[in-house]
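Data block below; observations after.
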Amino acid sequence: MSADNMFSSDEMQLVTFTLGQENFGIDIMNVQEIIRIPSITMVPQAPPYVEGVTNLRGEILPVLDTRIKFGMERIARDVSSRIIVVDVGGKKAGLSVDAVSEVLRVESGRIEAAPALVSGVDAGSVVGVVKGNDGKSLVMILEAGNLCSIDADADNETGAIKAGSDSSKGVVEKKLEEVQLVSFLLGPEEFALEIESVREIIRYPDIVKVPNMPAYIKGVISLRDNLMPIIDMRIKLNTANDGITDSTRVVVIDVDNARIGLVVDRVYEVARIPKDTIFAPPQALTGENGDRLKGIARVEGGKRIIMLLDPGDIMTREELEDIGTLENAEAGTAEEEEGLLDGLDEEQMVVFKLADEQYGVRITQVQEINRLAKVTKVPRAPRFVEGVINLRGDVIPVIDLRKRFEIDYKDYTEFTRVIVSDINNKKVGIIVDEVLEVLRIPRQLLEDAPDILSNQHWQSFMDGIANLENRMIMMLNLENILVEKEWQKLQEMNHTEKAGRPSRAGKLKKQGRGEKLDKSTDS
């Protein structure tokens with residue numbers, strides 16, 4: 001677009017931003033949105049000013065470092081840094097800037113021709129200059145098409161990815177097929193297993209060392225009178241050291257009819273994710289560790305990468321034979337019917353912490369376990385209702401269990417979790433201090449609540465007490481966590497919140513009125 005065509009109307013609106021001490025502006029008609037700095041994936045052999053790509057609601061967006069594009073020094077990002085998403089001829093790109101200032105409305109007569117060179121900025125991108133702040137500063141007007149031009153190879157790559165993402169737009173309205181995962185950390189990386197593969201999750205136990213075993217085999221434990229080898233996945237996959245903390249857990253799985261325990265740094269969450277966010281591992285990931293990957297999931301708009309493991313590839317048959325597990329497994333297979341009967345005498349529980357006490361919920365009442373997301377407050381909600389959260393498009397109420405149980409308030413931490421339950425077609429989240437484990441408890445260890453509680457409010461949602469060797473776990477029945485009147489209040493609150501939320505079109509219309517943008521502007 002030529003400068004003459006660009007300024008042919010009586011006035012224009014500029015989204016202005018800063019790079020160092022300089023002020024710049026882009027025609028608001030080219031600006032789609034403004035976002036905070038996302039997780040960016042580097043593109044090999046791209047031009048130096050192409051910082052990488054990010055996932056913007058299913059679309060792959062190239063991100064350009066505007067400082068490098070203009071020959072400026074690269075600086076560390078801070079809370080003011082933003083990405084301006086521009087659309088030029090149907091092609092989108094993100095421009096990283098130091099800070100967004102405001103939307104400035106200027107008359108075309110105030111716009112002066114661009115000098116041949118302004119502060120080292122490429123003159124091909126600058127198409128005009130306007131005085132701002134009562135003439136105290138200059139705003140250089142950039143032509144988005146020239147600014148966002150990148151090398152053909154990078155453009156083709158982005159276009160290919162974009163075309164791939166466009167092909168999925170037709171199915172957005174369809175019900176997405178989901179898979180439920182148990183995710184966990186091994187050092188800084190996040191891995192996951194499908195929940196069907198996970199038998200239970202326990203805290204790190206006392207382990208009996210076994211001599212002449214590989215370093216990743218920590219030893220064996222007795223789990224309900226059965227010996228089980230413990231495999232340290234951090235060592236096996238070479239992702240972290242084998243330190244033990246309060247967060248260390250053992251994920252129990254069945255492999256080739258053998259039960260093994262996998263040591264992980266921390267169980268992150270139990271979540272449902274759409275199957276179309278899971279991709280085959282790149283061909284570049286070859287070798288021992290790469291062969292074990294079942295897929296790679298991109299969630300939260302690409303901010304999180306989860307590597308899916310195949311239980312059958314974690315331990316080979318030869319490795320299982322080396323530790324004698326298969327022999328035990330074959331003997332156990334002969335007694336499979338007896339084992340199934342034993343399983344009927346167990347209850348699988350999600351155990352969590354609230355203050356200094358431990359509570360349990362039957363896993364059949366748990367849909368997923370998530371980190372605490374942004375909570376939107378709702379006026380006139382019951383005191384124990386923290387607000388509502390957006391769970392993949394569903395607005396669900398969240399209950400602070402501390403407030404429900406009238407326990408002293410505590411600030412939320414990195415361990416805080418939301419247990420999502422779907423009870424009688426009513427979805428609700430329960431905020432707890434920390435999820436400790438998924439545990440199988442023999443039914444004979446579950447006892448009724450003491451008679452002294454029979455006249456207390458606790459009795460309505462207590463489902464007994466698990467009396468274990470070194471601790472007691474209070475079992476809760478989430479169906480009774482609220483009385484019918486409270487359920488109705490939550491449903492009314494939920495409908496009100498949905499009806500009151502502005503549409504995205506309304507938000508974009510408001511942003512285009514030439515109003516001043518706050519520096520915390522975000523999409």
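When atom types are taken as modelled, the side chain of E143 and the backbone of G145 share a donor-acceptor pair closer than 3.5 angstrom. Under a 3.5 Å cut-off, the side chain of R417 and the backbone N or O of V432 do not form any donor-acceptor pair. When atom types are taken as modelled, the side chain of N370 and the backbone of V418 share no donor-acceptor pair closer than 3.5 angstrom. Side chain of T413 to backbone of F415: a donor-acceptor contact under 3.5 angstrom is found. Between the side chain of Q32 and the backbone N or O of D87, no donor-acceptor pair lies under 3.5 Å. With hydrogens and angles disregarded, no donor-acceptor distance shorter than 3.5 Å links the side chain of R402 to the backbone of I431. Judged by distance alone, the side chain of Q180 and the main-chain N or O of Q367 form a donor-acceptor pair under 3.5 Å. Between the side chain of S183 and the main chain of F191, no donor-acceptor pair closer than 3.5 Å is present. Between the side chain of S96 and the backbone N or O of L64 there is at least one donor-acceptor pair closer than 3.5 Å.
Using a 3.5 Å distance cut-off with no hydrogens or angles, the side chains of E102 and T16 do not pair a donor with an acceptor. At a cut-off of 3.5 Å, with distance as the only test, a side-chain donor of Y268 or R371 sits close to an acceptor on the other residue.
Across all their heavy atoms, E386 and V375 have their closest contact at O-CG1, 3.5 Å. The two atoms that bring V139 and G25 nearest to each other are CG1-N, 3.8 Å, heavy atoms only. When all heavy atoms of P274 and T277 are compared, the closest pair comes out as O-OG1, 2.6 Å. When all heavy atoms are compared, the tightest approach of V388 to P397 is CG1-CA, 4.0 Å. Counting all heavy atoms, side chain and backbone alike, V255 lies closest to P311 at CG2-O, 3.5 Å. Residues G295 and I278 approach most closely at CA-CG2, 4.3 Å, considering heavy atoms.
For the pair D246 and R203, the salt-bridge criterion is not met [side-chain N within less than 4.0 Å of a carboxylate O]. Taking 4.0 Å as the cut-off between side-chain N and carboxylate O, D98 and R82 do not count as a salt-bridged pair. Classification of R234 and D232 as a salt-bridged pair holds, one side-chain N sitting under 4.0 Å from a carboxylate O. A salt bridge is defined here as a Lys NZ or Arg NE, NH1 or NH2 lying under 4.0 Å from an Asp or Glu carboxylate O, and E51 with R77 meets this definition. With respect to the salt-bridge test (charged N to carboxylate O, under 4.0 angstrom), the residues E269 and R304 qualify. Using a cutoff of 4.0 Å between basic side-chain nitrogens and carboxylate oxygens, R266 and E414 are scored as salt-bridged.
Summarising the local packing, CG of D408 is surrounded by 12 or fewer heavy atoms from other residues, nucleotides or ligands at distances under 6.0 Å. Counting non-hydrogen atoms of other residues, nucleotides and ligands closer than 6.0 Å to NZ of K403 gives a total above 12.
Note that CD1 of I430 is 5.5 Å distant from CG of L478, once rounded to the nearest 0.5 Å. Between the CE atom of M233 and the CG atom of L185 there is a distance of 13.5 Å, given to the nearest 0.5 Å. Atoms CE and CG, on M307 and L186 in that order, are 8.0 Å from each other to the nearest 0.5 Å. Taking CD1 from I306 and CZ from R298, the interatomic distance works out to 12.5 Å, rounded to the nearest 0.5 Å. The distance from atom OG1 of T245 to atom CG of D265, rounded to the nearest 0.5 Å, is 6.5 Å. Rounded to the nearest 0.5 Å, atoms CD1 (I28) and CD (Q13) are 5.0 Å apart.
Contact of the V130 side chain with the L138 side chain is not registered, since no non-hydrogen atoms from C-beta on lie closer than 4.5 Å. With contacts defined as side-chain heavy-atom distances shorter than 4.5 Å, the pair L391/V420 qualifies. Residues L193 and L308 form no side-chain contact, since every pair of their non-hydrogen atoms from C-beta on lies 4.5 Å or further apart. Side-chain contact between I111 and I141: present, with at least one pair of heavy atoms (C-beta onward) separated by less than 4.5 Å. L401 is listed as a side-chain neighbour of F352, based on a closest heavy-atom distance under 4.5 Å. Between I201 and V250 the shortest side-chain heavy-atom distance does not fall below 4.5 Å. The shortest side-chain heavy-atom distance between I363 and V438 falls under the 4.5 Å cut-off. Residues V79 and R36 form no side-chain contact, since every pair of their non-hydrogen atoms from C-beta on lies 4.5 Å or further apart.
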### Task
Report the C-alpha separation of E189 and T239 in whole Å, then their side-chain angles, then the decisive distance to 0.1 Å, and conclude whether the side chain to side chain donor-acceptor pair (under 3.5 Å) test is met.
CA-CA 8 Å; E189 306 299 338; T239 58; over 6 Å; no
### Message
Run the side-chain contact (heavy atoms from CB on, under 4.5 Å) test on V179 and I273 for me, step by step, so that the C-alpha distance in whole Å, both residues' side-chain angles and the decisive distance to 0.1 Å come before the verdict.
### Response
CA-CA 6 Å; V179 60; I273 66 170; 3.8 Å; yes
### Task
Given side-chain contact (heavy atoms from CB on, under 4.5 Å), test F384 with D400 step by step and report yes or no.
CA-CA 6 Å; F384 53 82; D400 190 315; 5.7 Å; no
### Message
Show, in sequence, the C-alpha distance, side-chain angles and deciding distance for L262 and I314, and conclude whether the side-chain contact (heavy atoms from CB on, under 4.5 Å) test is met.
### Response
CA-CA 9 Å; L262 309 178; I314 290 176; 3.7 Å; yes
### Task
I would like to know whether V270 and V366 meet side-chain contact (heavy atoms from CB on, under 4.5 Å); could you show each step before the answer?
CA-CA 9 Å; V270 179; V366 176; over 6 Å; no
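Taking the ring axis of Y204 as reference, the NZ or CZ atom of R249 does not stay both within 45° of it and closer than 6.0 Å to the ring centre.
Under the rule for a side-chain hydrogen bond (donor to acceptor under 3.5 Å, both in side chains), T66 has no partner lying at least two apart in sequence or in another chain.
Ring planes of F24 and F17: parallel class, angle under 30° (limits at 30 and 60°).
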